[in-house]
Amino acid sequence: MLKVLDNPLYYLENFERVLDWIGTRYADLLTPAEADFIARFAPLPQASRALLVRMVMRKGCRFRASKLVYAEIGDPRAAAAPLLALGWIESDPLLSLEQLFDLLHKSEIGALFQLSLHGKGARKAEQLAALQPQYPAALPFSSWHAESGDQVYHILSKALCERLRLIFFGNFRQDWSEFVLSDLGVYQYEKVEFSAASRGFRSRRDIDDYLALQRCRERFHAQEPAADVLRELSLAASDNDWLASRRDKLRFQIAQELERRADWDGALAIYADCAYPGARARAIRVLEKSARHGEAHALLLDAQAAPESEAERQQLLRIAPRLRRRLGHPKLAPPPAAASREIDLRLPPPYPPCCVEAAVRDHLARPEAPVYYVENTLINSLFGLLCWNVIFKPIPGAFFHPFHRGPADLYSADFQQRRAADFAACLAEFDSGQYRRTIARNYAAKSGIQSPFVAWDVLDETLLALALDCIPAPHLKKWCERILQDIQANRSGFPDLIQFWPAERRYDMIEVKGPGDRLQDSQKRWIAYCAEHGMPVAVCYLQWDADPA
């Protein structure tokens with residue numbers, strides 16, 4: 001932590017890095033107010049710049065001067081003067097009673113409003129509720145608390161700074177802490193060359209559409225009426241595929257909420273016009289729930305003719321028998337089940353208690369045949385190490401700031417197609433045997449660097465060596481091919497355990513199910529895929545000896 005602590009103005013330097021980055025790469029997309037902010041920020045006194053950034057990075061928009069005490073800034077009132085002159089903050093703002101409560105200590109509230117002993121003992125929320133009818137109007141802080149001698153500042157430029165953060169990161173999920181975590185070495189990121197075309201937003205409309213979409217998301221999570229949110233969402237339509245996908249995801253979530261409320265017509269109207277994965281299957285289910293079985297069956301037949309994914313195909317197989325039965329159609333023979341082995345195991349309850357996967361791992365492990373609890377980590381890690389250079393290839397739109405864990409288009413429909421030749425070259429290494437050297441080289445060179453696939457906390461040299469020695473190249477290749485078919489869906493569902501027999505250069509995968517647990521859909525798909533391609537896989541059903549038979 002010394003690297004950050006030795007520089008008390010680290011946060012200011014990081015903020016200025018963002019402004020420089022945006023000014024260099026996005027100048028043509030900025031509003032006059034945003035461009036003016038960047039131009040006027042640098043000439044300010046250091047203390048003023050630091051104070052503003054402190055307020056930007058802190059929660060809330062209103063701050064007491066007595067709470068803005070930082071050694072590197074000094075007197076906050078002196079530092080605030082240039083910011084007041086620019087109109088970036090205001091002093092002594094109007095405050096509602098609720099906003100005032102956010103700034104005051106409980107003891108101050110009791111003294112200021114001369115609360116009774118009983119009132120002083122109440123929680124702040126109870127005090128607020130009791131006082132609100134008496135104080136409906138907003139007043140300046142100086143009117144509320146004239147004797148305090150304190151000053152309150154309201155930062156007016158926070159929304160603008162939040163837009164700048166969005167432009168830099170391309171999302172609201174990442175914040176200023178990314179810089180600190182990187183400086184501390186908590187997170188390491190791959191260094192990618194940025195081309196002039198590597199921008200998260202192509203136009204000002206992209207930025208505005210993202211902001212509109214964010215407002216709709218916030219309104220939805222605040223449980224505002226779905227119709228109102230959908231009305232605003234319809235205005236946020238975008239010709240940017242990335243934003244259109246995010247919009248469809250939100251529409252899908254709204255439809256799910258309407259479905260939970262049994263608003264069948266409302267849910268169906270959204271699902272029928274939504275490109276988000278799974279929307280068509282949900283539309284069939286809504287038609288089924290609303291007893292429109294004929295329409296549901298017709299849509300199901302269309303979907304079965306061209307399923308969008310393995311997941312949808314699996315859902316359709318589950319729905320079809322019910323619809324056929326309700327429509328009086330003859331029963332069809334069920335598709336053959338995946339030919340996986342089953343292991344029935346009874347063990348005494350472990351002490352101390354542990355998860356079922358760990359209990360089975362410890363029971364099966366032998367010195368000559370170690371067992372690892374890897375679930376979705378091992379195969380994804382091998383894929384990520386083999387294809388590292390392709391995943392982090394600096395193609396336009398994939399990387400646009402230094403804190404990417406993976407490419408921005410990782411889940412886009414054309415992710416694989418945009419890199420098809422490079423991925424084909426990677427997979428060809430399984431045929432030549434080169435894959436072992438590539439994986440080992442990237443494991444050594446990229447250790448600890450953030451990746452959407454590599455689980456550094458699980459993968460060590462011993463596990464890596466066992467996997468490369470015991471898993472045949474054709475099996476690894478098949479797994480990688482399936483991951484690339486649908487990265488978002490196929491990164492999960494791998495069996496929990498893997499057992500190696502190094503002397504025999506073979507392995508076995510085991511999915512563990514405890515009492516009452518069932519296979520998930522993604523697990524069924526992976527087990528079926530492994531069985532289809534001759535990969536050793538078993539499902540272990542565990543019962544505790546203490547359980548009733």
Test item: Tyr372 and Leu497 side chains (from C-beta on) under 4.5 Å apart, heavy atoms: no
Acceptor/donor pairs from residues 260-268 side chains to any protein atom, 3.5 angstrom cut, sequence neighbours excluded:
{"unit_1": "Arg260", "atom_1": "NE", "unit_2": "Glu257", "atom_2": "OE1", "d": "3.2"}
{"unit_1": "Arg260", "atom_1": "NH2", "unit_2": "Glu257", "atom_2": "OE1", "d": "3.0"}
{"unit_1": "Arg261", "atom_1": "NE", "unit_2": "Glu257", "atom_2": "OE2", "d": "3.1"}
{"unit_1": "Asp263", "atom_1": "OD1", "unit_2": "Gly266", "atom_2": "N", "d": "2.9"}

Side-chain donor or acceptor of Gln543 paired with backbone N/O of Pro515 under 3.5 Å: no
Sequence neighbours excluded - side-chain hydrogen bond (donor to acceptor under 3.5 Å, both in side chains) pairs with any residue from residues 324-334: Glu288-Arg326
Side-chain heavy-atom pair Pro321, Leu332 within 4.5 angstrom cut-off: no
Sequence-distant partners of Arg25, salt bridge (charged side-chain N to carboxylate O under 4.0 Å, His left out), two or more places apart: none
Leu345 side chain near Tyr541 side chain, heavy-atom distance below 4.5 Å: no
Salt bridge (Lys or Arg N to Asp or Glu O under 4.0 Å) evaluation trace for Arg205 with Asp208: CA-CA 5 Å; Arg205 180 183 171 182; Asp208 295 338; over 6 Å; no
Can you list, pair by pair, the side-chain donor-acceptor contacts under 3.5 Å of residues 377-389, counting residues two or more places apart and other chains?
{"unit_1": "Thr377", "atom_1": "OG1", "unit_2": "Val374", "atom_2": "O", "d": "2.5"}
{"unit_1": "Asn380", "atom_1": "ND2", "unit_2": "Asn376", "atom_2": "O", "d": "2.6"}
{"unit_1": "Asn380", "atom_1": "ND2", "unit_2": "Arg491", "atom_2": "O", "d": "2.8"}
{"unit_1": "Ser381", "atom_1": "OG", "unit_2": "Thr377", "atom_2": "O", "d": "2.7"}
{"unit_1": "Ser381", "atom_1": "OG", "unit_2": "Ala455", "atom_2": "N", "d": "2.9"}
{"unit_1": "Trp388", "atom_1": "NE1", "unit_2": "Glu190", "atom_2": "OE2", "d": "3.1"}

Salt bridge (Lys or Arg N to Asp or Glu O under 4.0 Å) partners of residues 464-475, not counting sequence neighbours, each pair once: Arg436-Asp469, Asp469-Arg505
Leu410 and Phe453, any side-chain heavy atoms less than 4.5 Å apart: yes
Salt bridge (charged side-chain N to carboxylate O under 4.0 Å, His left out), paired with Glu224, selected from Arg215, Arg219, Arg231: Arg219
Leu258 CG to Ile270 CD1 distance, which is reported to the nearest 0.5 Å: 5.0 Å
Contact list for residues 414-434, test side-chain hydrogen bond (donor to acceptor under 3.5 Å, both in side chains), sequence neighbours left out: Lys393-Asp422, Asp409-Arg418, Asp409-Arg419, Glu429-Thr438, Asp431-Lys477, Gln434-Arg437
Leu287 and His293, any side-chain heavy atoms less than 4.5 Å apart: no
Interatomic distance, Arg292 atom CZ to Leu299 atom CG [nearest 0.5 angstrom]: 11.0 Å
Pairwise side-chain contact, Ile449 with Lys446, heavy-atom cut-off 4.5 Å (strictly under): yes
Donor-acceptor contact present, side-chain Trp526 to main-chain Asp521, <3.5 Å: no
Gln520 and Lys513: CA distance, side-chain angles, deciding distance, side-chain hydrogen bond (donor to acceptor under 3.5 Å, both in side chains) verdict: CA-CA 10 Å; Gln520 300 173 14; Lys513 291 298 166 190; over 6 Å; no
Straight-line distance of Phe430 CZ to Lys478 NZ, nearest 0.5 Å: 12.0 Å
Whether Ser309 side chain and Glu312 backbone form a donor-acceptor pair below 3.5 Å: yes
Gln214 vs Arg217, side-chain hydrogen bond (donor to acceptor under 3.5 Å, both in side chains): CA-CA, chis, key distance, verdict: CA-CA 5 Å; Gln214 181 69 12; Arg217 184 180 295 106; 2.7 Å; yes
Listed once per pair and sorted, the side-chain hydrogen bond (donor to acceptor under 3.5 Å, both in side chains) pairs that draw on residues 530-539, sequence neighbours left out: none
Criterion ring-ring contact (aromatic ring centres under 6.0 Å, His included) on Phe179 and Phe403, from CA distance to verdict: CA-CA 8 Å; Phe179 290 90; Phe403 302 101; 4.7 Å; yes
Residue pair Tyr271 / Glu259, side-chain donor-acceptor N/O under 3.5 Å: yes
Point-to-point distance, once rounded to the nearest 0.5 Å, from CG of Asp508 to CD1 of Ile498: 8.5 Å
Qualifying residues under salt bridge (charged side-chain N to carboxylate O under 4.0 Å, His left out), relative to Glu162, sequence neighbours excluded: Arg165
Centroid-centroid distance, Phe194 to His401, less than 6.0 Å: no
Tyr187 atom OH: more than 12 heavy-atom contacts under 6.0 Å: no
Side chain to side chain contact (heavy atoms under 4.5 Å, CB included) involving Glu375 - partner list, sequence neighbours excluded: Tyr373, Asp496
Check residues 351-365 and write down every donor-acceptor pair under 3.5 Å in which the side-chain atom is one partner and the other belongs to a residue at least two apart or another chain.
none

Heavy-atom side-chain contact between Pro536 and His475 under 4.5 Å: yes
Atom pairs and distances, side-chain donor-acceptor, residues 245-255, under 3.5 Å, sequence neighbours left out:
{"unit_1": "Arg246", "atom_1": "NH2", "unit_2": "Tyr210", "atom_2": "OH", "d": "3.1"}
{"unit_1": "Arg247", "atom_1": "NE", "unit_2": "Leu233", "atom_2": "O", "d": "3.2"}
{"unit_1": "Arg251", "atom_1": "NH1", "unit_2": "Asp273", "atom_2": "O", "d": "2.8"}

Donor-acceptor side-chain pairing of Glu461 and Tyr443 below 3.5 angstrom: no
Shortest non-hydrogen contact between Lys524 and Leu519, atoms and distance: CE-O, 3.6 Å
Shortest non-hydrogen contact between Ala306 and Arg280, atoms and distance: O-NH2, 3.0 Å
Short side-chain to backbone donor-acceptor contact, Arg313 and Pro307, under 3.5 Å: no
Candidate pair Arg366 and Glu368, rule salt bridge (Lys or Arg N to Asp or Glu O under 4.0 Å), full reasoning: CA-CA 5 Å; Arg366 301 287 183 272; Glu368 71 280 6; 5.2 Å; no
Spacing of OH belonging to Tyr276 relative to CD belonging to Gln256, to within rounding of 0.5 Å: 8.5 Å
Distance-only polar pair, side chains of Gln314 and Arg525, donor-acceptor under 3.5 Å: yes
Heavy-atom pair with the smallest gap, counting every atom of Pro472 and Tyr507: CD-CE2, 3.5 Å
OH on Tyr435 to SG on Cys480, rounded to 0.5 Å: 10.5 Å
Over all atoms of both residues, closest heavy-atom pair of Phe392 and Arg405: CZ-O, 3.6 Å
Results of salt bridge (charged side-chain N to carboxylate O under 4.0 Å, His left out) for Arg482 - residues two or more places apart only: Glu310
Heavy-atom closest pair, residues Cys470 and Phe500: CB-CD2, 3.6 Å
Check: Ser203 and Asp206 side chains under 4.5 Å, non-hydrogen atoms: yes
